[in-house]
There are 4 protein chains.
Amino acid sequence: MSQTSYVLRLSCPDRVGVVATVTSHLASRGANILEAHHFLDTVSNRSVMRIVFETGGQPIDESAFSREFGAAMQPLGIEWSLRDQADKVRVVIAVSKHGHCLNSLLHRWSTDTLPINIVAVVSNHEEQRRLTEWHDLPFHHLPITPGRKEEQERRMLDLFAASRGELLVLARYMQVLTSAACRELKDQAINIHHSFLPGFKGAKPYHQAYQRGVKLIGATAHYVNEDLDEGPIIEQAVERVDHTLSPDQLTTIGNEIESVVLNRAVQWHAESRVFEFGNRTVVLR
Amino acid sequence: MSQTSYVLRLSCPDRVGVVATVTSHLASRGANILEAHHFLDTVSNRSVMRIVFETGGQPIDESAFSREFGAAMQPLGIEWSLRDQADKVRVVIAVSKHGHCLNSLLHRWSTDTLPINIVAVVSNHEEQRRLTEWHDLPFHHLPITPGRKEEQERRMLDLFAASRGELLVLARYMQVLTSAACRELKDQAINIHHSFLPGFKGAKPYHQAYQRGVKLIGATAHYVNEDLDEGPIIEQAVERVDHTLSPDQLTTIGNEIESVVLNRAVQWHAESRVFEFGNRTVVLR
Amino acid sequence: MSQTSYVLRLSCPDRVGVVATVTSHLASRGANILEAHHFLDTVSNRSVMRIVFETGGQPIDESAFSREFGAAMQPLGIEWSLRDQADKVRVVIAVSKHGHCLNSLLHRWSTDTLPINIVAVVSNHEEQRRLTEWHDLPFHHLPITPGRKEEQERRMLDLFAASRGELLVLARYMQVLTSAACRELKDQAINIHHSFLPGFKGAKPYHQAYQRGVKLIGATAHYVNEDLDEGPIIEQAVERVDHTLSPDQLTTIGNEIESVVLNRAVQWHAESRVFEFGNRTVVLR
Amino acid sequence: MSQTSYVLRLSCPDRVGVVATVTSHLASRGANILEAHHFLDTVSNRSVMRIVFETGGQPIDESAFSREFGAAMQPLGIEWSLRDQADKVRVVIAVSKHGHCLNSLLHRWSTDTLPINIVAVVSNHEEQRRLTEWHDLPFHHLPITPGRKEEQERRMLDLFAASRGELLVLARYMQVLTSAACRELKDQAINIHHSFLPGFKGAKPYHQAYQRGVKLIGATAHYVNEDLDEGPIIEQAVERVDHTLSPDQLTTIGNEIESVVLNRAVQWHAESRVFEFGNRTVVLR
């Protein structure tokens, strides 16, 4: 039933024979390919691949496999990583006062429908402690005191490291990270922006949307980078709205979209589907 | 079957008794209300209403009705307009080289599924002459020569007036109108912007969208005003896209959205459903 | 801020002067109309209206208002009901083992973004007790024992009555109600069906959808009536899916749609927006 | 610019080494893979692949390539086909009286945004002759006379063959084909059904949708098979509707969805993206 399977991610400059080299090596080790997806990005002229394989029921010797596979890939300049699908990504969630995204992530996780391993929740406020602890998860309150915001951020990053976190999910954390933190978290932090980017950057996007009279509102999940609200987009969705809705009602509808969009982005990241190309992503679904 | 019916649009400062005054007057003239929609905009504190009524089969004496109705509305400061639903809005369409929006408008019009009366097509290019004339409509070629753009614009506005146009539809006209023209066309011109505003203003939005790696692309129909791409939004829609699509393919998908969005905006305007409040619209559907 | 306001629902055979009679009466009592929506259903030739009004800050004497208003409406055969908007609909939620809809309803309720008053949760299983009691709500376990299903249903209906429930929300209750219960709950029970009706009636719709290879899956919220899965539809939504998704993954996506759709239907019902016409609904948004 | 490229479709029972065998063969011939997509259908245990490759600018010798490639694939039981991407699929369109799908297909084709080669239009009516001939395409009027429907169908199939048609697009043809014709056209005919299947099979689906009060309407493009409206689904889409829309207005909205959905299905088929598995399709996008 729960057969051992592996997901392999690869990225390399485009050249003849890349797919053949990879798949031939796997075939020679008796690996049966369950899913294979290749995409050549013609802007950067780089290929990315995601391959899911199993080996007839018995687990592979990961270190031997890696040694041999690495040797085969090296001549072609292929960067790669391997992950046992049973080894779920370790996630730390950062929240502020609002709990809709946290609640949705925890519900999906607790019903075993989101393939991640949540290890801690951190917050600059106390509001979400009760929900977190009800799920038997550690809740870390890291309040922000005037003039000591960077110190608090440092504590959060240390906690992320100490928890052996692999992905930091900013589930409406509402704090702008320093450039240093953004660099440190590169490829490891996903933010949900409560707007359909690139429209309505910055604060209070639902109020902006109301003032502008838009007919659709949306949310955007993206990797964190040094440009606020400009990181590579992983997923977006919108919902139809109209003039009868107040900014509060737009916010409620927006909250539902945010939860759905963030769940999807976290899932795709956790399933090794997302590749970054500069300011864009490729999601191999 | 094709019973005579009228659509009444009203707008006024909010006060007690507005709806009662309007509907009582109509009832006293034997008008049977088929649709009534009222909305109080709490930002501007103005009410808008749209009422569709018929009067038992026989047409009303419009000038007598207007005189009496106007007298009844005047004390409450109600602005209003009346239109026989059989009297379709006279539309002039402006296009450039691309014909997808024009083709869709003409198809809907020619199959009697868009309640407008197209009276002319104008263009700064010749590409759409053949399609226009095939539909037995006059095509006016108004080329733009260097240094004489304003003169060409003047000719277009004169043509709009001479055609007794009531609505100018910029169906990918691709020319920025002067401020003077925008003022002159206030409430009478609808533009289709090939982007989900307020993102990607300006030129080549599908290329911008590609560079930014967005996961949805869209289109926006809005009234023309002096701020380019900032007029009141009437309708918007989006479609899901992904990394596999080139800028050309995004453009093709975007073109289909543009046609659908522009058709809807034109229809709602033609059905007297759209009210402007500063930079927003209320669409009473 | 939290001004006293009222929502008035009306329904009557179409005739001249209905809107005028209603709004004139309200104006004569100093009621200021905040929202008014009228729809004439040309199939049944009945009018429905929803009017939200306030009376300058002070509450009305509801019994005096009702006596006078009733007298004014009676000659026109107008059925009506009045509700103080602060008086939230009392809701009982019925669930089975799965908690995604319950979790979403409770989250919205607890963050004050769903205008209902949840008074109890009932279930034929124990799974959702912990979540319910964490929200300080009574959880009633009404197990179904072989041959005594009708008795259990009777107990649920008695509990609904004893709780002074006004709306029973079947949030994935998974039990078919008897015809007698459906009649008793007419207009008072909303079910979420895990499919885009009228396709995929009956059990395991996501497996049916998988077998059929549909490209969109959806959910439908409807009033309960005697024909299983055939009650008047209140709201529906869909999400795009593809061949890569297993029945389990379709189920997870479907669960998210179910929560959103059920929340909307409950909200619109609670805001007195939904009118039933035979097997259809009119939702005055 | 318009580099020669090829699309290869493959299908086979799942076994170790399939992807490696294919890609190694291509690499040994100097083929550069531009896109590669593999999917293992775990229900049927068959793999499908779609590979786009080019060979450094110069065209391949197709017959030599095919001989060698076929020899390499044969031991693994791989079924395959190769197509030069410049060699567009030859399409015959069948219509009845309504022209919205035809108009949209012709517009896309004539603006070079749909990669097909339309060779003829056939119809049992005369309505679409003018539009067809305006596009300089042959229009074949094949009227249906009482008792001679099968004979007319035979003439249509003969015409399809004589035109060397590869795909018959039933763009609202409105005639039920005989089982014999469905068998003959297997995998070669796409129909647009004006409903979100599997709901509302049969005639007048928009009237059915109106009677049922659905909140979304849709359209479905599918391959033709012997079970009317039950062929493998290629694409579906929906649009939000409400109670204010008459059956005629639903039809207009539905027509727009039909055009978009049919265009997409035809495009994906023409790009060799669609694989049939029994009653389902896999669309490798």
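Computed over heavy atoms, backbone and side chain alike; hydrogens, waters and symmetry mates excluded.
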Side chains of A:Thr220 and B:Lys215 in contact at under 4.5 Å (non-hydrogen atoms): no

Crowding at NE2, B:His37 (>12 non-hydrogen neighbours, <6.0 Å): yes

Side-chain heavy-atom pair A:Asp41, B:His243 within 4.5 angstrom cut-off: no

Minimum heavy-atom distance between B:Gln236 and A:Arg240, given as atom pair plus value: O-NH2, 3.5 Å

B:Thr244 portion near chain A, given a 4.5 angstrom heavy-atom threshold: both

Exercise: identify the closest heavy-atom pair between B:Arg212 and A:Arg280: C-CG, 3.9 Å

Contact winner vs chain B - A:Ile234, A:Leu40, A:Leu284, A:Asp242, heavy-atom pairs under 4.5 Å: A:Ile234

